[in-house]
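Notes follow the structure.
Throughout, a chain's letter reflects where its sequence line sits, starting with A, and its residues are numbered from 1. The model shown is predicted, which means the values in this text are computed figures rather than measured ones.
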There are 2 protein chains.
Amino acid sequence: MTTVLIVDDQPLQRYGFHLLLDSVPETDVVGEAAHGAEAVRKAAELRPDVVLMDVRMPGMDGIEATRRIVAAGGRSRVLVLTTFDLDEYVHAAIRAGASGFLLKDARPEELLAGIRAVASGDAVIAPALTRRLLDEYAQYVPAHRGNAADDPRLGSLTDREREILVAVGKGWTNGEIAARFVLSESTVKTHVGRVLAKIGARDRIQAVIFAYDHGLARPNAD
Amino acid sequence: MTTVLIVDDQPLQRYGFHLLLDSVPETDVVGEAAHGAEAVRKAAELRPDVVLMDVRMPGMDGIEATRRIVAAGGRSRVLVLTTFDLDEYVHAAIRAGASGFLLKDARPEELLAGIRAVASGDAVIAPALTRRLLDEYAQYVPAHRGNAADDPRLGSLTDREREILVAVGKGWTNGEIAARFVLSESTVKTHVGRVLAKIGARDRIQAVIFAYDHGLARPNAD
DNA sequence: GGCCACGTAGTACCGCGGTACTACGCGCCC
DNA sequence: GGGCGCGTAGTACCGCGGTACTACGTGGCC
């Protein structure tokens, strides 16, 4: 039996979902919420297996509510529903930790299959959105990422050297690194020099590129 | 009516799929292939809506076959099937341009739904794989990517300056850029200087970071 | 015609970055 | 005890990178 919390600001919409979920034996609607804050509170209180979350709501929206429910660390999984397949929603929801993203015009069996999948720890994405997601994914995720992460050159670095490499990847000068790590600039130079030699980089610029390619530097991390 | 090409090295497996697809009116199996090369040839010849592709095959594997079929530019969409949910397969398939990825132990209706979705231009991922895909996606895709791509600083660059920035992002020295673009080093310096001023970077290192954050530089592009 | 944006090119100067080499203290292991 | 890896630090040197400024040809727009 899968317990479900329905979150939507429109009573009629909640009613529809409630009816649908009651029509099958495997799901049990344990509560409803009309906005984000109530959703967070009820999720903590009722500890449902799945939270059926609308994105657009007055006050705290579904994304923020998702973030908080996921951050709370309970076992509740969030399945986000929306009318529009706006990319921002999808991205934001994924980053917020949602386990799924479906369109409200999904067929009932799709919704039920989604709830089933989410409840069992899997994730679902509406086919119409998956297309774009895959395209972006292919763009962003480096080829042979696994190999890159396991690059033997990475393992040859000492902990300190890896720290230095990350700092270099942030674009810091030797002087800045020295200041932040409370070191002399000479020491930083020594470390940087060793890092360059180990990873086979000509200069710190290629070290920055190496850091990005190997996941040591993350966009917007600074 | 959706035309399907079945690709699998095991005759029994092909037979099973064939039976399943024949049991519903909406799909029409137009051909079978036992290995990658045959799949590529038959895809070009039969121009099916959907290619049901097994990953593990002797000779040319499903990934390579997928790459070629997609590269051929026809309207055929490839739905990859596998027994094991190995990450490498999923990544490789996505990069190869597959429109979907399902496990062979999927229930028949899931497979049919997948074929339907793929045929209509959407994409599907087995729920069991989607979970991991989303986790990685959230990690790799920068927040507010849309905003970053629309950075006004990017628009202020001239075409030439953007080319230079990309070259800088590859880690090339001014001398190398001059050589590859057939320019004097002075000119390159002038361009780089203007780029730095426009994007607000202190030095070329921060320009490299800027390039990565804004999608101008791609991992493993060089 | 004149202005402006752009791409091209040069000179001069300075400083950060990178290399080479040396050095020392600490903790660990044979 | 002696070696060794690691982190720390220094000196000396050189060159690439970045800045400032000037300059000129071309194409487009008023």
Side-chain angles (χ1 to χ4, degrees), chain A residues 149-214 216-217 221-222, chain B residues 149-214 216-217 221-222:
Chain A
D150 295 342
D151 195 304
R153 288 175 290 176
L154 255 185
S156 73
L157 296 178
T158 67
D159 291 344
R160 195 53 156 170
E161 286 163 354
R162 211 170 290 114
E163 283 180 343
I164 297 287
L165 176 53
V166 170
V168 169
K170 289 185 194 294
W172 297 351
T173 64
N174 288 338
E176 286 171 343
I177 297 173
R180 303 218 193 194
F181 282 57
V182 195
L183 290 175
S184 82
E185 196 168 332
S186 294
T187 303
V188 176
K189 279 189 166 190
T190 305
H191 283 312
V192 171
R194 283 203 264 259
V195 169
L196 295 186
K198 284 188 179 179
I199 67 177
R202 168 173 62 192
D203 50 36
R204 71 200 294 111
I205 293 154
Q206 297 196 330
V208 170
I209 295 173
F210 179 91
Y212 268 84
D213 285 353
H214 293 74
L216 288 179
D222 199 6
Chain B
D150 293 343
D151 196 303
R153 289 175 289 176
L154 256 184
S156 74
L157 296 178
T158 67
D159 290 344
R160 195 53 156 171
E161 286 164 355
R162 210 170 291 116
E163 282 180 345
I164 297 287
L165 176 53
V166 170
V168 169
K170 289 184 194 295
W172 297 350
T173 64
N174 288 336
E176 287 170 343
I177 298 174
R180 303 219 192 191
F181 283 57
V182 195
L183 289 176
S184 83
E185 197 168 333
S186 295
T187 303
V188 176
K189 279 189 168 190
T190 305
H191 284 312
V192 171
R194 282 204 265 261
V195 169
L196 296 185
K198 284 189 179 178
I199 67 177
R202 168 173 63 192
D203 50 37
R204 70 199 295 111
I205 293 153
Q206 297 196 330
V208 170
I209 295 173
F210 179 91
Y212 268 83
D213 285 351
H214 292 75
L216 287 179
D222 198 8

Which nucleotide, C:dG17, D:dG17, C:dT8, lies nearest any side-chain atom of A:Asn174?
C:dG17

What's the CZ-C1' distance between A:Arg202 and C:dT19, to the nearest Å?
15 Å

Of the listed D:dT8, C:dA9, C:dT8, the closest approach to the A:Leu183 side chain comes from D:dT8

Is there side-chain contact between B:Val192 and B:Asn174, with at least one heavy-atom pair below 4.5 Å?
yes

Closer to the 5' end of DNA chain C via nearest nucleotide, is it B:Asp159 or A:Arg204?
B:Asp159

Among the nucleotides C:dG18, D:dG10, C:dT8, whichever has the atom closest to the side chain of A:Ser184 is D:dG10

Taking 4.0 Å as the cut-off, does a side-chain nitrogen or oxygen of A:Arg160 come that near to OP1 or OP2 on D:dT8?
yes

In whole Å, what is the span from the NZ atom of A:Lys189 to the P atom of C:dT19?
10 Å

Nearest-Å distance, NZ (A:Lys198) to C1' (D:dC6)?
9 Å

Using whole Å, what does the distance between atom C1' of nucleotide C:dG17 and atom NE2 of A:His191 come to?
16 Å

Please state how far atom CD in B:Gln206 lies from atom C1' in D:dG17, giving the value in whole angstrom units.
14 Å

Heavy-atom side-chain proximity of B:Ile177 to B:Val168 below 4.5 angstrom
yes

Of the listed C:dT11, D:dG7, C:dC16, the closest approach to the A:Thr173 side chain comes from C:dC16

Send over the distance from B:Ile205 CD1 to C:dG17 P, rounded to a whole Å.
7 Å

In whole angstroms, the gap separating P of C:dT19 from CG of A:Asp203 amounts to 9 Å

Could you tell me how far apart A:Ile164 (CD1) and C:dG18 (P) are, to the nearest whole angstrom?
13 Å

A:Phe181 vs A:Trp172 aromatic rings, parallel, tilted or perpendicular, using cut-offs 30° and 60°?
perpendicular

Closest to the side chain of A:Val192, out of D:dG18, D:dA9, C:dG18, is C:dG18

DNA chain C: 5'-proximal contact among B:Thr187 and A:Glu185 (nearest heavy atom)
B:Thr187

Under 3.5 Å donor-acceptor pair, B:Arg194 side-chain atoms to C:dT8 base atoms:
yes

Using OP1 and OP2 only, check whether a side-chain N or O of B:Thr158 sits under 4.0 Å from C:dA5.
no

Could you tell me which non-hydrogen atom of B:Ala207 sits nearest to which non-hydrogen atom of B:Leu196, and how far apart they are?
CB-CD2, 3.8 Å

Just do the side-chain contact (heavy atoms from CB on, under 4.5 Å) check on B:Thr190 and B:Arg194 with the steps written out, would you?
CA-CA 6 Å; B:Thr190 305; B:Arg194 282 204 265 261; 3.4 Å; yes

